[in-house]
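Values in this document were obtained by computation on a predicted structure and should not be read as measured data. Residue numbers start from 1 in every chain, and the chains themselves are labelled A, B, ... in the order their sequence lines are given, proteins ahead of strands.
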There are 2 protein chains.
Amino acid sequence: MNVRLRHDAIVRSLRRNGTSTIDTLAEEVGASRRTVLRDISALRDEGYVIHSDVGRGGGLQLDPQSIQTRAKLSVPEVFALLISVAAMRAAGNLPFAELADAGLAKIEKALPPDKVKDLRAFLECLHIGQLSPLQDLSDTGKMDPDLLSAFEAAFLNRHMIRFDYRDAKGRKTRREVEPQAMLILPPLWYLVGWDPARGDFRHFRMDRISTPEALSGTTFRRRHVPFEDDVCPYSALTP
Amino acid sequence: MNVRLRHDAIVRSLRRNGTSTIDTLAEEVGASRRTVLRDISALRDEGYVIHSDVGRGGGLQLDPQSIQTRAKLSVPEVFALLISVAAMRAAGNLPFAELADAGLAKIEKALPPDKVKDLRAFLECLHIGQLSPLQDLSDTGKMDPDLLSAFEAAFLNRHMIRFDYRDAKGRKTRREVEPQAMLILPPLWYLVGWDPARGDFRHFRMDRISTPEALSGTTFRRRHVPFEDDVCPYSALTP
DNA sequence: CAAATGGTGCCATATTTTGGCACTATTTCG
DNA sequence: CGAAATAGTGCCAAAATATGGCACCATTTG
């Protein structure tokens, strides 16, 4: 039997039985006592907390808190999770934020080093604040699902971004802007772009953007984005 | 060299070079052509998308979108991430929600089956709505970090929960309630408990709860929690 | 056509994992 | 106390697995 499968079988068995002796485990998974002992040691190295009591009535016990998933996530998925948690905690008073952060920190540690750099660059563009309660939210629409990949490419590689925009009065325009920052005023999200044609910053509500596209041939330099005092850039999770 | 390390080395090399031939890779990682071919095949099985072109000028190319992390998360961390994303998306209009969901679905698939059942039971208790803009948020405090583990145990095993509560007027009481639901009105979180002593439901703001403790000897039955119409129970991510 | 590339099957060899055994240390039961 | 039950370690031969080399095939490019 495969090592991986045997480890899983041992964990399952420990979870089911509460307490098991090494010999019981060995019989259950069809391996020798010696091998099970080696597996236990390996599981401990992996982070599983397994208590042991020697003597009559003793045995092994798995701490259920220490059970770990080993999900494989793609980089955009990690970005999305991170943004969600960051936005939520900024929206105020997220319980369990420490745990969510700990999870994200682990995920971040598992990323390739240059992706971590990308992640931090992305987070630097993220500004979070509180929306005025007077804002009319009645026409809030759905976000274009292509936004994240277009934005990821645009922010990370300093590409300009082109999209169709429908403003509050329903007028449609085609825009080409430098994506300088992302502003989150829950539940609304804005792209803060420098519009070269107009020589000024413009805020675009994300749910009014359609057919976004990063212009891979272009680059731009970062500008100082004038934010009000109560809007602060998001500080990265792990310092 | 270790298989794991060699796989990592191959991925790194592919990421750095853009296009590599098998022979270049073999030289770089110090293995034979045959072994590198086997490794490429294994990486593809793991989910890496590697394009190949035969003929002069051909070679291998790694699709950067397919790079995966393999973080190991504990179960409470998964709960915390899930709650964060669920709450955020309910708070309105979370961009990239699909991606975050996809990530969570993967994580959920990697959980042991009984933990998935727990997760769903937990989510059934989660009700999410919109806070009235008139609510005074000035005295919002920090959540007790022990809340999640106490709540997890209490919700999943139907244990009563005991805690100290400080109400809006600053009066402190000690409570023992059945945790029937969790109500999220961002940015505030409430425990909805049936108080047997008072024979009625009570709402407790989570940031006013301290020293929570699941009473492991007790159980209770689920009651119908009277929610207003605009508060809906959170529906699990993967159907 | 020849050269450059990815890809497969086979087999002997190198490496790693496994099982068995002897042994130690600790606890519990009678 | 002594015997039994338990976890844990070190060592070595045997079993299993990974590796490298080779011959070979298919496709593309010049």
(message) Here's a test for you: under salt bridge (charged side-chain N to carboxylate O under 4.0 Å, His left out), which of Lys172(B), Arg174(B), Arg208(B), Arg175(B) qualifies with Asp164(B)?
(response) Arg174(B)
Is the side chain of [X] donor-acceptor paired with the backbone N or O of [Y] at a distance under 3.5 Å, no angle test?
| X | Y | value |
| --- | --- | --- |
| Tyr48(B) | Ala42(B) | no |
| Glu178(B) | Trp194(B) | no |
| Lys72(B) | Glu46(A) | yes |
| Arg44(A) | Ile50(A) | yes |

Rounded distance (Å) that lies between atom [atom2] of [N] and atom [atom1] of [X]:
| X | N | atom1 | atom2 | result |
| --- | --- | --- | --- | --- |
| Leu5(B) | dT19(D) | CG | C1' | 16 Å |
| Arg38(A) | dT17(C) | CZ | C1' | 7 Å |
| Arg6(A) | dT17(C) | CZ | P | 10 Å |
| Glu27(B) | dT5(C) | CD | P | 13 Å |

(message) Using the rule given for salt bridge (charged side-chain N to carboxylate O under 4.0 Å, His left out), can you reason through Glu28(B) versus Arg16(B), listing the C-alpha separation, both sets of side-chain angles and the distance that settles it, and then say yes or no?
(response) CA-CA 12 Å; Glu28(B) 276 193 39; Arg16(B) 194 175 50 243; 2.9 Å; yes
(request) Measure the spacing between CG of Leu82(A) and CG of Leu111(A) and express it to the nearest 0.5 Å. (result) 9.5 Å
Please list each protein N or O that sits under 3.5 Å from an N or O in nucleotides 4-9 of chain D, with the distance.
from, atom 1, to, atom 2, distance (Å)
dA4(D), O4', Arg56(A), NH2, 3.3
dA7(D), OP1, Ile22(A), N, 3.1
dA7(D), OP2, Ile22(A), N, 3.3
dA7(D), O3', Ser52(A), OG, 3.3
dG8(D), OP1, Arg44(A), NH1, 3.0
dG8(D), OP1, Arg44(A), NH2, 3.4
dG8(D), OP1, Ser52(A), OG, 3.0
dG8(D), N7, Arg33(A), NH2, 2.8
dG8(D), O6, Arg33(A), NH2, 2.5

(request) Can you spot which of Asn17(B), Thr24(B), Asp23(B), Thr19(B) makes a side-chain hydrogen bond (donor to acceptor under 3.5 Å, both in side chains) with Thr21(B)? (result)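 Of the listed residues Asn17(B), Thr24(B), Asp23(B), Thr19(B), the side-chain hydrogen bond (donor to acceptor under 3.5 Å, both in side chains) partner of Thr21(B) is Thr24(B).
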(request) Check whether any side-chain N or O of Thr35(B) sits under 4.0 Å from OP1 or OP2 of dT19(D), and answer yes or no. (result)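 The answer is no; no side-chain N or O of Thr35(B) sits under 4.0 Å from OP1 or OP2.
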(request) Using five pairs at either end of the helix from dC1(C)-dG30(D) to dG30(C)-dC1(D), determine the angle between the two local helix axes and round it to 10 degrees. (result) 20°
